[in-house]
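Just follow the structure's listing: the first ligand is 1, and inside any ligand the first atom is 1.
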Amino acid sequence: MTGPGDFDLNRRELVAGGSAAALTSLPRGAHAETTPMDRTTRMQVSLTVNGQRRDLELDTRTSLLDAAREHLHLTGSKKGCDHGQCGACTMIVDGRRINSCLTLAVMHQGAEITTIEGLGQPDALHPMQAAFVKHDGYQCGYCTPGQICSGVAVLAEIKAGIPSHVTADLNAALQVTEDEIRERMSGNICRCGAYSNIVEAITEVAGRPA
Ligand code: FES
Ligand code: FES
């Protein structure tokens, strides 16, 4: 009978063992070629993050989210799915919200980036942060930085007159309605289900009765 300890190989050892086996089975005189995947390309990237210029040398495959979290140690933006499906990584880039897990840092040379750390400070909260606290717009808080960045961007979109899928009259002035907020926030998933409180918080910041 075998126990768990009999298979005490981790993934790295398994891959290394497999590669060694493959090399020993090469015909005499043949050489292992370096594949393009082995060659890492690095690039200098300059970003303005929360008002500060940051110069980084990055592997060109680094997402904007990983650049912020792993290289700048700004861990407020969360990695939920890493597939553009949950909105936990939302940042504001040149005034527009973006799923930072889905974009490469090198694509944003010179961009102005705002993360949750740049919106407000513990003793001077951004109005959207204060409204989330007041309306209990979170439970575990994991989605909250993305929700708040998205909420700020949503109000800017409505103010700029950008219609959404639920805008009924494209010729009328846009209103901050619950339908508009829910539609525009639909890319920000909250597994705790704090949606109604989030809508109340955004509505209050928009200056309408919550
Ligand atoms: Fe980027 Fe989920 S982590 S959308
Ligand atoms: Fe927990 Fe949104 S507050 S996922």
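At a heavy-atom cutoff of 4.0 Å, ligand 1 is contacted by no atom of L102, backbone or side chain.
At distances below 3.5 Å, not a single donor-acceptor pair connects side-chain atoms of Y138 with backbone N or O atoms of Q147.
In summary, the side chains of T103 and H108 do present a donor paired with an acceptor at a separation below 3.5 Å, with no hydrogens or angles considered. Between the side chains of T48 and R53, no donor-acceptor pair of N or O atoms lies under 3.5 Å. Side-chain contact check for E178 and T203: no donor-acceptor pair (N or O, by modelled atom type) lies under 3.5 Å.
Of the options G84, C86, C89, the smallest heavy-atom separation from atom 1 (Fe) of ligand 1 is shown by C89.
Among the atoms of C101, no N, O or S atom is found under 2.8 Å from atom 2 (Fe) of ligand 1.
Taking a cut-off of under 4.0 Å to the non-hydrogen atoms of C81, the atoms of ligand 1 that pass are 2 (Fe), 3 (S), 4 (S). Here is the list of ligand 1 atoms found below 4.0 Å of a heavy atom in D82: 2 (Fe), 3 (S).
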Side chain to side chain donor-acceptor pair (under 3.5 Å) for E180 and S164? Distances and angles first, verdict last.
CA-CA 7 Å; E180 286 284 356; S164 78; 2.8 Å; yes
For salt bridge (Lys or Arg N to Asp or Glu O under 4.0 Å), just list the numbers for D66 and R69, CA-CA rounded to whole Å, side-chain angles, deciding distance to a tenth of an Å, and then say yes or no.
CA-CA 5 Å; D66 284 342; R69 290 181 56 86; 5.7 Å; no
Working note: N50 + T115, criterion side chain to side chain donor-acceptor pair (under 3.5 Å); need CA distance, chi angles, decisive distance, verdict.
CA-CA 7 Å; N50 301 331; T115 67; 2.9 Å; yes
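Put simply, the side chain of M43 does not reach to within 4.5 Å of the side chain of E57, judged on heavy atoms.
Here atom 2 (Fe) of ligand 2 has protein N, O or S atoms under 2.8 Å from it, and they come to 2.
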